[in-house]
Amino acid sequence: MDNEVFEAMPRGGFHRIKEIRDEYVDTAILEKVTLSYVKKNMVMPLKVKDGHLLVALAGPRGIFTVNELERITGFPVKPVFAEEKEITDAINRFFDRLSGSAQEVIDGLGVNIDAISTSWEEPRDLVDLTDEAPIIKLLNSLLFKAVKDRASDIHIEPYEKEVEVRFRIDGVLYPVLTPPKTIQEALSSRVKIMAGLDIAEKRLPQDGKIRLLVAGKDVYVRVSVIPTSFGERIVLRILDRKSEIIRLDRLGLNPAQVSSLEGLLTRNSGIILVTGPTGSGKTTTLYSAIGSINSTVRNIITVEDPVEYQLKGIGQVHVNPKIGLTFAHGLRSILRQDPDVIMIGEIRDRETAEIAIQASLTGHLVLSTLHTNDTASAVTRLVDMGIEPFLVASSVSGILAQRLVRLLCPECKKSYSPAPEEIRLFKTPPSRLYAAAGCEKCFDTGYYGRSGIFEFLIPGTEMRPMILKNQDSDTLKRHALSKGMKTMADDGLDKAALGITSLDEVLRVTREDGEA
């Protein structure tokens, strides 16, 4: 361990380590201590140097553990101080290397595989749960690995002779595990118990939620269970409740789009729509938008199904159709709360659309989403719902259509000279393009993270008469393009030319909707 990682300390005092890097930790030493012990005492054994075991302590109280650590490890201990967060992060980082993988848990399953705990009243950190029953340990391992690997969903899929577990990472499903068929019912029951569902009901779909602590992160898991011919299929959607709202300029919008959107968000009325299919990042964009205008002088209220992220200073209403709290009902109630800004999770029907548009015309800024393929289709979609064209023309301030593309891993992306058929796709031909390669950081996929590609339509004075005449979406789009609107495909090609994503990824996403 090099001396430059330590801060200078007074003569006779202990050194302070600036950061605990992986190369400073000997996992063989860690196997001699338990996770509960190091977390309780806030100590982190590092590695042996000059015959002494270096141990990071969070404060003076850790000195009292030195004699015990010397007895446990068999080495004389040399203490160094570190920030408590550094020690906690190091403990969490090495957990999966010590506790074994989900596959190892399966390999060690005994015959008593249906022993399931029924207590999950308060969220406990999965890092601490290393001595639970095998099925519990298996599910905990899957949840921990999913959070560690940045997975957005866990799919548990039963088939005739096996069960397949897949993670969705950066929008793409990857197989991670194939447990034996014999554990299917026990695993399904464990998920149901955690989500507060009826374990005896196997004929009807059920939805629930789980709140967990995973390596110190407060994680919210939405659970969906549906019956299939081979058993219950389970999907767990993972949301980090404490993740920070992404700034508008970090979503993938270009500077002109950011400036235009910020201008619309400063208005006191009008409706801004974000469109795209399920999983295209619409809700994230809405959160970023209201986060950018959130202040003590504005009353912002949302109605969502469900509330995915908690936003400080914003009133959030969770839709519950079972008791009659629909989007339309919640929206009517919100209007009695004197809001300045209203966010509606989704406009699904005529009633919700009518209330939203009336609110936007009476001094409220309204933000919502629609399921359409592009910006112009959002206009015709509202008319198809039964909204009068003159109301659409006078209320809609802007429409943002979007998709998510995977970002090339910066550690392993490789450049190449584009082929003639690739060059023809670009208005300004690039001299180099980049392709996915694959490395340890990106799990050999070549991609790490996602960003948006966008199409932003602001109906101008020339388009509003076209909307009043109920022109079709193709006509509206051609007019917008003639006025300089950039399509999602063009936005994606710009990002491919900059090496942000690959041309293959842009074509994969945009060809689904006939964009390219």
Side-chain angles (χ1 to χ4, degrees), residues 170 243-268 270-276 280-295 298 341 343 365 367-369 374-376 378 396-410 413 415 425-434 447-463 476-477 479-503 505-507 509-510 513 515-516:
D170 294 333
S243 61
E244 295 183 359
I245 299 302
I246 303 173
R247 290 183 357 212
L248 285 176
D249 57 357
R250 299 288 180 87
L251 292 173
L253 293 160
N254 64 46
Q257 291 170 332
V258 171
S259 178
S260 297
L261 182 54
E262 287 177 338
L264 296 181
L265 290 169
T266 60
R267 296 184 181 181
N268 294 323
I271 183 167
I272 301 172
L273 297 171
V274 182
T275 76
S280 59
K282 301 187 297 296
T283 301
T284 298
T285 299
L286 286 184
Y287 280 139
S288 298
I290 62 174
S292 69
I293 58 175
N294 186 18
S295 69
R298 272 185 153 175
V341 181
M343 186 190 101
L365 179 63
L367 294 87
S368 189
T369 70
D374 59 13
T375 51
V396 176
S397 302
I399 307 168
L400 185 70
Q402 67 179 74
R403 300 291 185 279
L404 292 177
V405 294
R406 293 179 293 170
L407 302 178
L408 287 168
C409 175
K413 67 179 181 180
S415 65
L425 297 171
F426 294 84
K427 294 178 180 177
T428 304
S431 59
R432 306 291 293 175
L433 287 175
Y434 293 83
Y447 297 95
Y448 191 91
R450 289 192 292 176
S451 181
I453 56 173
F454 299 91
E455 177 180 296
F456 197 15
L457 171 63
I458 300 178
T461 55
E462 295 181 21
M463 181 174 284
L476 295 177
K477 187 167 186 175
H479 174 78
L481 291 173
S482 70
K483 295 299 179 180
M485 184 185 78
K486 180 181 291 187
T487 66
M488 280 183 288
D490 288 337
D491 191 31
L493 291 173
D494 288 347
K495 289 179 170 64
L498 293 171
I500 296 172
T501 188
S502 67
L503 180 58
E505 179 69 4
V506 174
L507 295 178
V509 171
T510 56
D513 303 304
E515 282 287 324

Contact between M485 and H479 at the side-chain level, heavy atoms closer than 4.5 Å - yes or no? no
Show me the pairs that pass salt bridge (charged side-chain N to carboxylate O under 4.0 Å, His left out) and involve residues 251-266, at least two apart or across chains. none
Going through the checks in order, is the side-chain contact (heavy atoms from CB on, under 4.5 Å) test met by L253 and T285? CA-CA 10 Å; L253 293 160; T285 299; 5.7 Å; no
Can you name the ring-ring contact (aromatic ring centres under 6.0 Å, His included) partners of Y448, sequence neighbours left out? none
Measure from the side-chain N and O atoms of D170 to the backbone N and O of R406, and report whether any donor-acceptor pair falls under 3.5 Å. no
Counting N and O atoms only, with roles assigned by atom type, does the side chain of E455 sit under 3.5 Å from a partner on the main chain of T375, one being a donor and the other an acceptor? yes
Tell me the closest heavy-atom pair linking V506 and A496, and the distance in Å. CG2-CB, 4.3 Å
Ignoring hydrogens and geometry, is there a side-chain-to-backbone donor-acceptor pair from T266 to G263 under 3.5 Å? yes
To the closest 0.5 Å, what do you measure between CG (L264) and CD1 (I271)? 12.0 Å
So which atom in D249 and which in V258 form the shortest heavy-atom distance, rounded to 0.1 Å? CA-CG2, 4.0 Å
Do the side chain of Q257 and the main chain of N254 share a donor and acceptor less than 3.5 angstrom apart? yes
Are any non-hydrogen side-chain atoms of I500 and V405 less than 4.5 angstrom apart? no
Side chains of S415 and Y434: closer than 4.5 Å at any heavy-atom pair? yes
Where M463 and A480 come nearest, the two heavy atoms and their spacing: CE-CB, 3.9 Å
Between P459 and S397, the two heavy atoms sitting closest are CD-O, 3.6 Å
Which atom of G452 lies closest to which atom of D491, heavy atoms considered: O-OD2, 4.4 Å
Can you list the steps and then say if K427 with L493 is a side-chain contact (heavy atoms from CB on, under 4.5 Å)? CA-CA 9 Å; K427 294 178 180 177; L493 291 173; over 6 Å; no
Under 3.5 Å donor-acceptor, S292 side chain and A289 backbone: yes
Quick check: do N294 and R298 have side-chain heavy atoms less than 4.5 Å from each other? no
Is the closest side-chain heavy-atom distance between L433 and F426 below 4.5 Å? yes
Main-chain N/O of I453 paired with K495 side-chain donor or acceptor, under 3.5 Å: no
Residue that, paired with T284, satisfies side chain to side chain contact (heavy atoms under 4.5 Å, CB included) out of I245, V274, L251, L404: L251
So do the side chains of Y447 and L408 get within less than 4.5 Å of each other, counting heavy atoms only? yes
Interatomic spacing from OG1 in T275 to CG in L400 - rounded to 0.5 Å: 7.5 Å
List the atom of L476, the atom of A376, and the distance in Å for their closest heavy-atom pair. CB-CB, 4.0 Å
Okay, side chain of S288, backbone of L248: is any donor-acceptor separation there less than 3.5 Å? no
With a 4.5 Å heavy-atom cut-off, do R267 and I272 have their side chains touching? no
side-chain contact (heavy atoms from CB on, under 4.5 Å) for M343 and Y287? Distances and angles first, verdict last. CA-CA 9 Å; M343 186 190 101; Y287 280 139; 4.1 Å; yes
Is the shortest side-chain heavy-atom distance between L425 and L507 below 4.5 Å? yes
Would you say the side-chain atoms of Q402 pair up with the backbone N or O of S280, donor to acceptor, closer than 3.5 Å? yes
